[in-house]
> 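Mind looking over this structure? Questions follow.
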Amino acid sequence: MAPSIIGSPAAENTVPIKTDSEPPRSSLKDRYPAYLPIWDYGEKYPALEPFNHVDHGKDADPSLKDLLSEGSEIQELKPTIGSEVTGIQLSKLSSAGKDQLALLVSRRKVVAFRDQDLASLPINQALDFGGYFGRHHIHPTSGSPEGHPEIHLVHRHNNDWGLDQFLAGKNSSVSWHSDVTYEQQPPGTTFLYILEGPEVGGDTVFVDQVEAYNRLSPATKARLHELKAVNSGFEQAEFSLGRGGVVRREPVKNEHPLVRTHPVTGEKALFWQVIRSIVGLKKEESDALLGFLLAHVGRGIDYQARIRWAPNTVIVWDNRGTAHSAIVDWVTGERRHLARITPQTERPYETPYIAEAEQAKV
(Lines give C-alpha, C1' and ligand atoms only; values in the text may rest on other atoms or scores of the structure.)
Protein backbone atom coordinates (compact mmCIF):
# COMPACT_ATOMS: atom_id res chain seq x y z
CA MET A 1 0.00 0.00 0.00
CA ALA A 2 1.24 3.50 -0.77
CA PRO A 3 2.43 5.66 2.13
CA SER A 4 -0.53 7.22 3.91
CA ILE A 5 -1.72 8.55 7.22
CA ILE A 6 -4.73 6.25 7.41
CA GLY A 7 -4.79 4.39 10.70
CA SER A 8 -1.90 6.36 12.19
CA PRO A 9 -2.16 7.71 15.74
CA ALA A 10 -0.06 10.70 14.74
CA ALA A 11 -2.67 12.04 12.34
CA GLU A 12 -4.77 14.89 13.77
CA ASN A 13 -7.86 12.77 14.21
CA THR A 14 -9.66 11.05 17.08
CA VAL A 15 -11.95 8.07 16.64
CA PRO A 16 -13.91 6.56 19.54
CA ILE A 17 -14.35 2.93 20.38
CA LYS A 18 -18.12 2.66 20.59
CA THR A 19 -19.35 0.85 23.68
CA ASP A 20 -23.01 1.89 23.75
CA SER A 21 -25.47 4.05 21.83
CA GLU A 22 -24.47 7.31 23.53
CA PRO A 23 -21.83 9.57 22.01
CA PRO A 24 -18.66 9.23 24.11
CA ARG A 25 -17.55 12.09 26.35
CA SER A 26 -14.52 12.67 28.53
CA SER A 27 -14.86 11.71 32.18
CA LEU A 28 -12.10 14.10 33.30
CA LYS A 29 -12.40 17.66 34.52
CA ASP A 30 -12.46 19.91 31.47
CA ARG A 31 -11.31 23.49 31.09
CA TYR A 32 -13.38 23.89 27.92
CA PRO A 33 -16.52 21.74 28.32
CA ALA A 34 -18.13 23.27 25.22
CA TYR A 35 -15.26 21.76 23.21
CA LEU A 36 -15.68 18.18 24.40
CA PRO A 37 -15.97 15.84 21.40
CA ILE A 38 -19.17 13.99 20.63
CA TRP A 39 -19.93 11.53 17.86
CA ASP A 40 -23.55 11.70 16.77
CA TYR A 41 -24.29 8.37 15.12
CA GLY A 42 -27.46 9.74 13.55
CA GLU A 43 -25.77 12.74 11.97
CA LYS A 44 -25.48 12.48 8.18
CA TYR A 45 -24.52 15.05 5.57
CA PRO A 46 -24.95 15.09 1.79
CA ALA A 47 -22.04 15.06 -0.64
CA LEU A 48 -20.15 18.35 -0.86
CA GLU A 49 -21.06 20.56 -3.80
CA PRO A 50 -18.44 22.54 -5.74
CA PHE A 51 -18.25 26.23 -4.87
CA ASN A 52 -16.41 29.31 -6.09
CA HIS A 53 -13.59 30.23 -3.72
CA VAL A 54 -12.16 33.75 -3.53
CA ASP A 55 -8.72 33.91 -1.93
CA HIS A 56 -8.47 37.11 0.10
CA GLY A 57 -4.69 37.07 -0.07
CA LYS A 58 -4.73 38.05 -3.74
CA ASP A 59 -5.70 41.67 -3.15
CA ALA A 60 -4.06 42.15 0.24
CA ASP A 61 -1.75 45.08 0.92
CA PRO A 62 1.75 43.54 0.85
CA SER A 63 2.94 45.96 3.55
CA LEU A 64 0.76 44.02 6.05
CA LYS A 65 0.12 47.31 7.90
CA ASP A 66 -3.36 46.30 9.05
CA LEU A 67 -2.10 42.96 10.37
CA LEU A 68 1.26 43.79 11.93
CA SER A 69 0.20 46.92 13.75
CA GLU A 70 2.35 49.06 16.01
CA GLY A 71 3.67 47.07 18.95
CA SER A 72 3.53 43.72 17.19
CA GLU A 73 6.59 41.58 16.60
CA ILE A 74 7.27 38.86 14.05
CA GLN A 75 10.13 36.40 14.21
CA GLU A 76 11.01 34.02 11.38
CA LEU A 77 11.69 30.48 12.52
CA LYS A 78 13.35 29.12 9.36
CA PRO A 79 14.38 30.85 6.13
CA THR A 80 11.51 29.50 4.00
CA ILE A 81 8.90 28.41 6.55
CA GLY A 82 7.52 29.41 9.90
CA SER A 83 7.02 32.67 11.77
CA GLU A 84 5.92 33.57 15.28
CA VAL A 85 3.86 36.70 15.93
CA THR A 86 3.08 38.51 19.18
CA GLY A 87 1.28 41.74 19.94
CA ILE A 88 -1.85 41.32 17.80
CA GLN A 89 -5.27 39.78 18.40
CA LEU A 90 -6.58 37.75 15.45
CA SER A 91 -10.22 38.01 16.51
CA LYS A 92 -10.04 41.83 16.35
CA LEU A 93 -8.66 42.06 12.82
CA SER A 94 -10.42 44.20 10.23
CA SER A 95 -11.26 42.76 6.83
CA ALA A 96 -8.02 44.29 5.51
CA GLY A 97 -6.12 42.65 8.36
CA LYS A 98 -7.66 39.27 7.57
CA ASP A 99 -6.72 39.66 3.91
CA GLN A 100 -3.15 40.37 4.96
CA LEU A 101 -3.21 37.37 7.30
CA ALA A 102 -4.05 35.16 4.31
CA LEU A 103 -1.17 36.72 2.38
CA LEU A 104 1.33 36.33 5.23
CA VAL A 105 0.40 32.68 5.73
CA SER A 106 0.66 31.95 2.00
CA ARG A 107 4.19 33.43 2.06
CA ARG A 108 5.46 31.93 5.33
CA LYS A 109 3.47 28.66 5.12
CA VAL A 110 2.85 28.43 8.91
CA VAL A 111 2.58 31.18 11.50
CA ALA A 112 2.14 30.80 15.29
CA PHE A 113 0.22 33.55 17.05
CA ARG A 114 0.69 33.76 20.81
CA ASP A 115 -1.68 35.12 23.52
CA GLN A 116 -4.86 34.75 21.48
CA ASP A 117 -8.48 34.71 22.73
CA LEU A 118 -9.95 32.39 20.08
CA ALA A 119 -10.46 29.49 22.51
CA SER A 120 -12.34 31.67 25.00
CA LEU A 121 -14.77 33.11 22.45
CA PRO A 122 -18.20 31.54 21.90
CA ILE A 123 -17.72 28.85 19.27
CA ASN A 124 -20.03 30.65 16.85
CA GLN A 125 -17.74 33.69 16.94
CA ALA A 126 -14.66 31.56 16.31
CA LEU A 127 -16.42 30.00 13.32
CA ASP A 128 -17.50 33.41 12.01
CA PHE A 129 -13.85 34.47 12.07
CA GLY A 130 -12.65 31.35 10.27
CA GLY A 131 -15.47 31.45 7.73
CA TYR A 132 -14.00 34.60 6.23
CA PHE A 133 -11.30 32.45 4.63
CA GLY A 134 -13.54 29.88 2.91
CA ARG A 135 -16.40 27.44 3.28
CA HIS A 136 -16.18 25.42 6.49
CA HIS A 137 -15.25 21.78 6.05
CA ILE A 138 -17.12 19.21 8.16
CA HIS A 139 -14.89 16.25 8.83
CA PRO A 140 -16.62 12.94 8.02
CA THR A 141 -15.27 10.92 10.98
CA SER A 142 -13.81 13.08 13.76
CA GLY A 143 -15.38 14.23 17.01
CA SER A 144 -16.79 17.75 17.22
CA PRO A 145 -18.34 20.02 19.85
CA GLU A 146 -22.06 19.46 20.28
CA GLY A 147 -23.93 21.58 17.75
CA HIS A 148 -20.77 22.63 15.90
CA PRO A 149 -19.75 19.92 13.41
CA GLU A 150 -17.54 22.45 11.58
CA ILE A 151 -15.00 22.21 14.40
CA HIS A 152 -12.56 19.30 14.09
CA LEU A 153 -11.25 18.22 17.50
CA VAL A 154 -7.97 16.62 18.49
CA HIS A 155 -8.51 15.04 21.91
CA ARG A 156 -6.18 12.40 23.29
CA HIS A 157 -4.00 11.38 26.17
CA ASN A 158 -0.56 9.91 25.63
CA ASN A 159 -1.97 6.39 26.00
CA ASP A 160 -4.75 6.85 23.42
CA TRP A 161 -4.68 4.75 20.23
CA GLY A 162 -2.62 2.03 21.95
CA LEU A 163 0.60 3.98 21.34
CA ASP A 164 2.84 1.29 22.80
CA GLN A 165 1.34 -1.26 20.46
CA PHE A 166 1.67 1.13 17.53
CA LEU A 167 5.32 1.90 18.25
CA ALA A 168 6.06 -1.81 18.57
CA GLY A 169 5.89 -1.88 14.77
CA LYS A 170 7.32 1.58 14.02
CA ASN A 171 10.23 3.72 15.16
CA SER A 172 8.37 7.03 15.30
CA SER A 173 4.94 8.60 15.60
CA VAL A 174 5.74 11.07 12.79
CA SER A 175 3.15 10.84 10.01
CA TRP A 176 3.36 13.53 7.34
CA HIS A 177 0.07 14.60 5.80
CA SER A 178 -1.97 17.47 4.46
CA ASP A 179 -5.56 17.57 5.65
CA VAL A 180 -8.46 15.90 3.81
CA THR A 181 -6.83 16.01 0.38
CA TYR A 182 -9.42 13.49 -0.79
CA GLU A 183 -11.96 16.32 -1.06
CA GLN A 184 -12.47 17.94 -4.45
CA GLN A 185 -11.63 21.29 -2.83
CA PRO A 186 -9.24 20.66 0.07
CA PRO A 187 -8.48 23.28 2.76
CA GLY A 188 -6.31 26.37 2.41
CA THR A 189 -5.77 28.81 5.32
CA THR A 190 -6.29 26.57 8.36
CA PHE A 191 -6.54 27.40 12.08
CA LEU A 192 -5.58 25.14 14.98
CA TYR A 193 -5.81 26.42 18.55
CA ILE A 194 -4.91 24.81 21.82
CA LEU A 195 -7.35 24.16 24.65
CA GLU A 196 -5.15 21.97 26.80
CA GLY A 197 -1.79 20.28 26.30
CA PRO A 198 1.20 18.70 27.99
CA GLU A 199 3.72 21.04 29.57
CA VAL A 200 6.43 19.51 27.39
CA GLY A 201 5.86 17.56 24.20
CA GLY A 202 3.02 17.24 21.72
CA ASP A 203 4.54 19.73 19.26
CA THR A 204 3.43 19.99 15.64
CA VAL A 205 6.04 19.98 12.87
CA PHE A 206 5.49 21.44 9.40
CA VAL A 207 7.40 20.95 6.16
CA ASP A 208 7.60 23.44 3.30
CA GLN A 209 6.30 21.59 0.25
CA VAL A 210 7.33 24.48 -2.01
CA GLU A 211 10.96 24.18 -0.97
CA ALA A 212 10.69 20.38 -1.16
CA TYR A 213 9.66 20.82 -4.81
CA ASN A 214 12.41 23.37 -5.44
CA ARG A 215 15.09 20.93 -4.24
CA LEU A 216 14.22 18.35 -6.89
CA SER A 217 16.16 17.96 -10.13
CA PRO A 218 14.68 19.50 -13.30
CA ALA A 219 14.09 16.01 -14.72
CA THR A 220 12.11 14.93 -11.64
CA LYS A 221 10.11 18.15 -11.59
CA ALA A 222 9.20 17.71 -15.25
CA ARG A 223 8.06 14.13 -14.65
CA LEU A 224 5.96 15.00 -11.60
CA HIS A 225 4.18 17.73 -13.54
CA GLU A 226 2.70 15.10 -15.80
CA LEU A 227 1.17 13.07 -12.97
CA LYS A 228 -2.05 13.01 -10.98
CA ALA A 229 -2.77 10.93 -7.91
CA VAL A 230 -5.86 9.31 -6.44
CA ASN A 231 -6.58 10.83 -3.01
CA SER A 232 -9.02 8.59 -1.14
CA GLY A 233 -11.17 8.98 1.96
CA PHE A 234 -12.52 5.42 1.86
CA GLU A 235 -9.81 3.96 4.09
CA GLN A 236 -10.37 6.64 6.73
CA ALA A 237 -14.08 5.86 6.77
CA GLU A 238 -13.41 2.12 7.05
CA PHE A 239 -10.99 2.72 9.92
CA SER A 240 -13.60 4.77 11.77
CA LEU A 241 -16.31 2.18 11.28
CA GLY A 242 -13.93 -0.56 12.39
CA ARG A 243 -13.54 1.20 15.74
CA GLY A 244 -17.26 1.83 16.15
CA GLY A 245 -16.91 5.44 15.01
CA VAL A 246 -19.06 7.57 12.75
CA VAL A 247 -19.09 8.37 9.04
CA ARG A 248 -21.11 11.55 8.60
CA ARG A 249 -20.75 11.70 4.83
CA GLU A 250 -20.15 9.06 2.21
CA PRO A 251 -16.42 8.79 1.44
CA VAL A 252 -15.03 10.15 -1.81
CA LYS A 253 -11.87 9.96 -3.86
CA ASN A 254 -10.50 12.62 -6.18
CA GLU A 255 -7.60 12.93 -8.57
CA HIS A 256 -5.28 15.88 -7.89
CA PRO A 257 -1.96 16.89 -9.49
CA LEU A 258 1.21 15.86 -7.67
CA VAL A 259 2.42 19.44 -8.15
CA ARG A 260 -0.05 22.23 -7.50
CA THR A 261 0.25 25.98 -8.06
CA HIS A 262 -0.64 28.49 -5.36
CA PRO A 263 -3.14 31.10 -6.59
CA VAL A 264 -1.61 33.94 -4.54
CA THR A 265 2.14 33.38 -4.67
CA GLY A 266 2.32 31.44 -7.95
CA GLU A 267 4.66 28.97 -6.22
CA LYS A 268 4.60 25.28 -7.09
CA ALA A 269 4.37 22.76 -4.27
CA LEU A 270 4.34 19.01 -3.88
CA PHE A 271 0.85 17.75 -3.05
CA TRP A 272 0.76 14.05 -2.40
CA GLN A 273 -0.80 13.01 0.93
CA VAL A 274 -3.66 10.54 1.54
CA ILE A 275 -2.79 9.00 -1.81
CA ARG A 276 -3.66 5.47 -2.87
CA SER A 277 -2.07 5.43 -6.30
CA ILE A 278 -0.63 7.56 -9.08
CA VAL A 279 -2.74 7.59 -12.20
CA GLY A 280 -1.17 5.72 -15.10
CA LEU A 281 1.57 3.98 -13.08
CA LYS A 282 1.71 0.35 -12.06
CA LYS A 283 1.51 -0.38 -8.35
CA GLU A 284 5.23 -0.99 -7.93
CA GLU A 285 6.05 2.22 -9.80
CA SER A 286 3.49 4.23 -7.84
CA ASP A 287 4.65 2.91 -4.47
CA ALA A 288 8.30 3.58 -5.33
CA LEU A 289 7.63 7.19 -6.33
CA LEU A 290 5.43 7.89 -3.30
CA GLY A 291 8.05 6.28 -1.07
CA PHE A 292 10.70 8.58 -2.53
CA LEU A 293 8.55 11.67 -1.93
CA LEU A 294 7.84 10.64 1.66
CA ALA A 295 11.55 10.07 2.34
CA HIS A 296 12.44 13.34 0.59
CA VAL A 297 10.09 15.33 2.82
CA GLY A 298 11.13 13.44 5.96
CA ARG A 299 14.82 14.20 5.37
CA GLY A 300 14.17 17.89 4.73
CA ILE A 301 14.97 19.16 8.20
CA ASP A 302 16.37 22.34 6.64
CA TYR A 303 12.89 23.25 5.39
CA GLN A 304 10.88 22.07 8.39
CA ALA A 305 9.59 24.15 11.30
CA ARG A 306 8.62 22.63 14.65
CA ILE A 307 6.06 24.66 16.61
CA ARG A 308 5.88 24.29 20.37
CA TRP A 309 2.41 24.72 21.82
CA ALA A 310 1.81 27.14 24.69
CA PRO A 311 -1.44 28.30 26.30
CA ASN A 312 -3.54 30.57 24.06
CA THR A 313 -1.56 29.74 20.91
CA VAL A 314 -3.20 29.68 17.48
CA ILE A 315 -1.27 28.12 14.60
CA VAL A 316 -2.33 29.19 11.10
CA TRP A 317 -0.98 27.36 8.08
CA ASP A 318 -1.61 27.03 4.38
CA ASN A 319 -2.63 23.46 3.65
CA ARG A 320 -1.81 23.99 -0.03
CA GLY A 321 1.93 24.42 0.50
CA THR A 322 2.70 22.35 3.59
CA ALA A 323 2.49 18.96 5.20
CA HIS A 324 2.53 18.46 8.96
CA SER A 325 2.66 15.87 11.69
CA ALA A 326 1.72 15.75 15.34
CA ILE A 327 4.47 14.54 17.66
CA VAL A 328 3.16 11.95 20.13
CA ASP A 329 6.06 11.96 22.58
CA TRP A 330 4.84 12.89 26.06
CA VAL A 331 4.53 10.28 28.82
CA THR A 332 3.17 12.43 31.63
CA GLY A 333 -0.53 11.61 31.19
CA GLU A 334 -1.76 15.07 30.20
CA ARG A 335 -4.45 15.55 27.64
CA ARG A 336 -3.73 17.15 24.24
CA HIS A 337 -6.92 18.97 23.27
CA LEU A 338 -7.04 21.24 20.23
CA ALA A 339 -9.68 22.64 17.88
CA ARG A 340 -9.32 23.11 14.15
CA ILE A 341 -11.22 25.43 11.81
CA THR A 342 -10.75 24.21 8.26
CA PRO A 343 -11.88 26.56 5.45
CA GLN A 344 -11.92 24.95 2.02
CA THR A 345 -10.36 26.55 -1.01
CA GLU A 346 -10.01 26.10 -4.78
CA ARG A 347 -9.63 22.74 -6.48
CA PRO A 348 -5.90 21.98 -6.85
CA TYR A 349 -4.52 22.89 -10.25
CA GLU A 350 -1.10 22.94 -11.85
CA THR A 351 0.55 25.28 -14.30
CA PRO A 352 2.95 24.00 -16.96
CA TYR A 353 6.50 23.12 -16.00
CA ILE A 354 9.07 25.61 -17.28
CA ALA A 355 12.70 24.51 -17.25
CA GLU A 356 15.04 26.66 -15.19
CA ALA A 357 16.88 27.90 -18.28
CA GLU A 358 13.62 29.03 -19.85
CA GLN A 359 12.34 30.46 -16.56
CA ALA A 360 15.39 32.72 -16.34
CA LYS A 361 14.43 34.30 -19.66
CA VAL A 362 10.93 35.20 -18.49
Side-chain angles (χ1 to χ4, degrees), residues 9-16 23-26 28-40 43 89-93 98 101 105 110-157 160-161 177-180 186-198 201-204 206 245-246 248 307-319 322 324-328 330 334-344:
E12 297 285 13
N13 193 13
T14 307
V15 178
R25 288 182 177 269
S26 171
L28 301 179
K29 183 177 180 180
D30 297 286
R31 294 179 57 194
Y32 295 92
Y35 276 97
L36 283 175
I38 69 165
W39 290 264
D40 186 343
E43 192 175 47
Q89 193 60 252
L90 291 175
S91 66
K92 302 298 193 293
L93 289 177
K98 293 175 188 175
L101 172 62
V105 174
V110 58
V111 183
F113 293 87
R114 306 297 186 182
D115 304 315
Q116 299 298 305
D117 64 2
L118 205 58
S120 61
L121 297 177
I123 294 178
N124 280 336
Q125 289 186 28
L127 286 170
D128 287 345
F129 169 79
Y132 183 84
F133 300 89
R135 183 178 73 182
H136 287 299
H137 180 261
I138 295 178
H139 198 282
T141 67
S142 70
S144 61
E146 187 168 13
H148 301 285
E150 304 90 348
I151 297 284
H152 167 93
L153 290 176
V154 178
H155 186 266
R156 73 168 65 89
H157 302 272
D160 283 352
W161 296 80
H177 64 286
S178 297
D179 292 324
V180 296
T189 307
T190 303
F191 301 83
L192 186 65
Y193 49 102
I194 190 164
L195 305 166
E196 185 178 348
D203 300 348
T204 304
F206 293 82
V246 300
R248 299 188 185 96
I307 309 294
R308 182 172 183 178
W309 289 100
N312 304 315
T313 294
V314 177
I315 294 179
V316 190
W317 73 91
D318 196 321
N319 200 62
T322 61
H324 60 275
S325 176
I327 308 296
V328 186
W330 72 103
E334 297 125 309
R335 174 170 31 191
R336 186 173 184 268
H337 188 189
L338 305 102
R340 191 180 81 202
I341 297 175
T342 318
Q344 293 177 259

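All values derive from a computational prediction rather than experimental measurement.
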> Out of curiosity, Glu146 CD to Asp40 CG, how far, rounded to the nearest 0.5 Å?
8.5 Å
> So, taking the atom named OG1 in Thr204 and the one named CH2 in Trp317, what distance separates them when rounded to the nearest 0.5 Å?
7.5 Å
> Closest heavy-atom contact between Pro343 and Gly130?
CG-O, 3.4 Å
> I need the minimum non-hydrogen distance between Ile138 and Pro149, along with the two atoms involved.
CG2-O, 3.7 Å
> Distance from Leu118 atom CG to Ile123 atom CD1, nearest 0.5 Å?
10.5 Å
> Distance check, rounded to the nearest 0.5 Å: Arg156 atom CZ versus Arg336 atom CZ?
6.5 Å
> Any chance you could measure Leu153, atom CG, to Leu338, atom CG, to the nearest 0.5 Å?
9.0 Å
> Run the ring pair (Phe, Tyr, Trp, His ring centres under 6.0 Å) test against Phe191 and tell me which residues pass, sequence neighbours left out.
Phe129, Phe133
> Going by heavy atoms in the side chains, are Val328 and Trp330 under 4.5 Å from each other?
yes
> Test side-chain contact (heavy atoms from CB on, under 4.5 Å) on Glu43 and Val246 and set out the steps.
CA-CA 9 Å; Glu43 192 175 47; Val246 300; over 6 Å; no
> Give the intermediate values and the outcome of side-chain contact (heavy atoms from CB on, under 4.5 Å) for residues Val105 and Val110.
CA-CA 6 Å; Val105 174; Val110 58; over 6 Å; no
> Could you measure the distance from the CD atom of Gln344 to the NE2 atom of His137? Nearest 0.5 Å is fine.
5.0 Å
> If you look at every heavy atom in Trp39 and Gly143, which pair is closest and at what distance?
NE1-N, 3.1 Å
> Compare every heavy atom of Ala119 with every heavy atom of Ile194, then report the nearest pair and how far apart it is.
O-CB, 4.0 Å
> Do you know the tightest heavy-atom contact between Tyr35 and Ala339?
CE2-CB, 3.7 Å
> Assess, by modelled atom type and distance only, whether the side chains of Ser142 and His152 contain a donor and an acceptor separated by less than 3.5 Å.
yes
> Can you name the nearest heavy-atom pair linking Leu127 to His136, along with the distance?
O-NE2, 2.9 Å
> Step by step, would you call Thr342 with His139 a side-chain contact (heavy atoms from CB on, under 4.5 Å)?
CA-CA 9 Å; Thr342 318; His139 198 282; over 6 Å; no
> So if I apply the side chain to side chain contact (heavy atoms under 4.5 Å, CB included) rule between His324 and each of Ile307, Leu192, Asp179, Ile315, which one comes out positive?
Asp179
> May I ask you to test the Glu196-Glu334 pair for a side-chain heavy-atom distance under 4.5 Å?
no
> Quick one: are Ser144 and Arg248 in side-chain contact, heavy atoms under 4.5 Å?
yes
> Check whether any side-chain heavy atom of Gln116 lies under 4.5 Å from a side-chain heavy atom of Ser91, and answer yes or no.
no
> With side-chain contact (heavy atoms from CB on, under 4.5 Å) as the criterion, how do Tyr193 and Leu90 come out once you've worked through the C-alpha distance, each side chain's angles and the decisive distance to 0.1 Å?
CA-CA 12 Å; Tyr193 49 102; Leu90 291 175; over 6 Å; no
> Going by atom types alone, do Thr190 and Asn319 pair a side-chain donor with an acceptor below 3.5 Å?
no
